[in-house]
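Every value quoted in this text rests on a predicted model; they were computed, and no experiment measured them.
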Amino acid sequence: MKISFILSLFSFFFFNCELMTIRSDHTYKVSQLKKSICWGGRFNVQYVESKNGGAGVGVEKGVNDAITQCENHLEDRIDITIERTEDDESLNYGSFVFSLFLVPLAESTGYQIKVVKKKFISYGTIVLSKNISPWYIFLIPNYFFGTSHEDLVFEEVFNHILEVEEQERLYAIEKNKPTIPLEKKFRNVFRECSYDLNECGRNESIQLRLKAAIPIEKKKNNHNSDLLELREKYNTKEKNFAHGCFCRRNPDPTLFRNCPVESDFDSICEVKYNCNQLKPGDHSCSANFGNQLAKLHKKLNENKSSDYYLKEKVKEQLAIMQLKLILN
């Protein structure tokens, strides 16, 4: 009796932990996807019914979330078709009698998703399913495994929108004729950099886009532009950067009686600090610091240093310096 009770208890916690892990992983995946952006356009969404009915509320919400994730400032028309399939599986309430509380109730709804923009097409299938264990009905009413339907629909639809735009981008490169006006083409780059300042400061391709975008944005004289938001985030990043006693925006060695210099990074930051003290306003101090920092970064990578924290701090500082050159 005790053994069966222990096994039941183990199964209960196993399934709970396993399914909560799946939910957590997918939530993280969706949160990462929501950092992406797309050009957007004039969206036309059509929901096609089958004999099983139309799209549920979760489906419509997921589609709307995907659309609002795009900038939607272009005139291109994007058609999205959500068609409910006819092979749905309804809840099997008979399992209450035959399962002895072991077989879960199951329900699934299928949809065909199609995204069209001019000659570019992306389509696929999504199955929304939920399982309800009879035991959970007594313990936690309406406890559904997995993630919310709107998140699953958002992920699927948004990925198809991105796929269509990637097809358009590659086609434009192949035919050597850009499809998006310059005034609108580069607006995304400010948001892209705001999401990840470190990547923006290290990625040469993004830096080129950023340099080309800034003059265009300045002509608009827009006081609420994405460029101003990016500058605010950069200034906050630079202000809050700190490592050791000297590797920070405003070093203050008096905070420590004996300020420790524990790495090459600390050492070159100290050299920069002393240089600034001797030659206030001399740009050669920062230039020399940048060169030394780049050499240290190369050295850490070539030697495959195991000091992950130091490597990340050096990369972060290099990114800040690179962005400073571009934004100021």
Side-chain angles (χ1 to χ4, degrees), residues 29-48 55 59-84 111-126 150-197 199-220 222 225-227 229-230 326:
K29 185 178 179 181
V30 169
S31 69
Q32 291 300 108
L33 188 61
K34 286 187 176 181
K35 293 180 180 180
S36 303
I37 44 182
C38 68
W39 301 118
R42 294 183 296 109
F43 285 98
N44 175 49
V45 183
Q46 181 182 13
Y47 297 97
V48 182
V59 174
E60 294 186 8
K61 187 176 185 306
V63 174
N64 289 333
D65 287 348
I67 292 173
T68 55
Q69 188 69 18
C70 301
E71 293 200 330
N72 299 333
H73 62 275
L74 298 182
E75 294 300 317
D76 299 307
R77 175 179 168 129
I78 302 174
D79 292 301
I80 299 177
T81 304
I82 310 293
E83 182 175 0
R84 185 165 176 175
Y111 294 89
Q112 296 289 335
I113 299 176
K114 184 178 181 181
V115 178
V116 180
K117 183 179 181 182
K118 299 176 183 175
K119 64 174 72 175
F120 310 106
I121 302 174
S122 180
Y123 53 86
T125 303
I126 182 171
E150 51 261 38
D151 276 352
L152 291 167
V153 174
F154 161 80
E155 179 186 1
E156 190 73 19
V157 173
F158 190 57
N159 275 325
H160 286 304
I161 294 173
L162 293 177
E163 168 62 26
V164 163
E165 293 193 344
E166 180 65 9
Q167 291 177 20
E168 182 184 30
R169 186 183 72 85
L170 294 176
Y171 178 81
I173 292 174
E174 179 184 352
K175 299 299 181 181
N176 195 27
K177 54 178 189 177
T179 57
I180 300 171
L182 281 178
E183 289 76 11
K184 296 175 180 177
K185 179 177 181 180
F186 293 108
R187 186 170 181 268
N188 277 350
V189 75
F190 302 118
R191 288 175 58 190
E192 193 173 340
C193 282
S194 294
Y195 286 133
D196 193 341
L197 292 174
E199 177 63 21
C200 183
R202 297 194 298 261
N203 190 310
E204 292 184 6
S205 175
I206 297 178
Q207 290 171 20
L208 290 174
R209 289 169 55 204
L210 192 61
K211 290 177 181 178
I214 290 175
I216 295 172
E217 190 72 6
K218 284 182 176 178
K219 287 181 181 178
K220 297 178 183 178
N222 185 355
S225 69
D226 292 332
L227 174 58
E229 181 181 345
L230 173 59
I326 297 173

- Query: Where do Val45 and Asn64 land on the side-chain contact (heavy atoms from CB on, under 4.5 Å) test, with the steps shown first?
  - Reply: CA-CA 9 Å; Val45 183; Asn64 289 333; 5.8 Å; no
- Query: Under 4.5 Å between any side-chain heavy atoms of Phe120 and Val115, yes or no?
  - Reply: no
- Minimal heavy-atom distance between Cys70 and Ile161, with the atoms involved, is SG-CG2, 4.0 Å
- Would you please name every residue forming a ring-ring contact (aromatic ring centres under 6.0 Å, His included) with Phe154, sequence neighbours left out? Phe158
- Compare every heavy atom of Glu156 with every heavy atom of Thr125, then report the nearest pair and how far apart it is. O-OE2, 3.9 Å
- Are any of the side-chain heavy atoms of Tyr47 and Val63 separated by less than 4.5 Å? yes
- Message: Measuring from atom CD1 of Ile126 to atom CD of Glu155, what distance do you get when rounded to the nearest 0.5 angstrom?
- Response: 7.5 Å
- Query: What residues form a salt bridge (Lys or Arg N to Asp or Glu O under 4.0 Å) with Glu166, not counting sequence neighbours?
  - Reply: Arg169
- Task: Search all heavy atoms of Ser122 against all heavy atoms of Gln167 and return the closest pair with its distance.
- Result: CB-NE2, 4.4 Å
- Query: How close do Glu165 and Gly40 get, heavy atom to heavy atom, and via which atoms?
  - Reply: OE2-N, 2.9 Å
- Message: side-chain contact (heavy atoms from CB on, under 4.5 Å), that's the test. Do Asp79 and Gln46 meet it? Break it down for me.
- Response: CA-CA 8 Å; Asp79 292 301; Gln46 181 182 13; over 6 Å; no
- Task: Please test Val153 against Tyr111 for side-chain contact (heavy atoms from CB on, under 4.5 Å), starting from the C-alpha separation and ending with a verdict.
- Result: CA-CA 10 Å; Val153 174; Tyr111 294 89; over 6 Å; no
- Message: Between Val157 and Ile67, is there a side-chain heavy-atom distance shorter than 4.5 Å?
- Response: no
- Note on the structure: One should read off an interatomic distance between Lys118 NZ and Glu168 CD, to the nearest 0.5 angstrom, of 5.0 Å
- Would you say Gln207's side chain and Gly201's backbone share a donor-acceptor pair under 3.5 angstrom? yes
- Query: Could you walk me through whether Leu210 and Leu230 pass the side-chain contact (heavy atoms from CB on, under 4.5 Å) check?
  - Reply: CA-CA 11 Å; Leu210 192 61; Leu230 173 59; 3.9 Å; yes
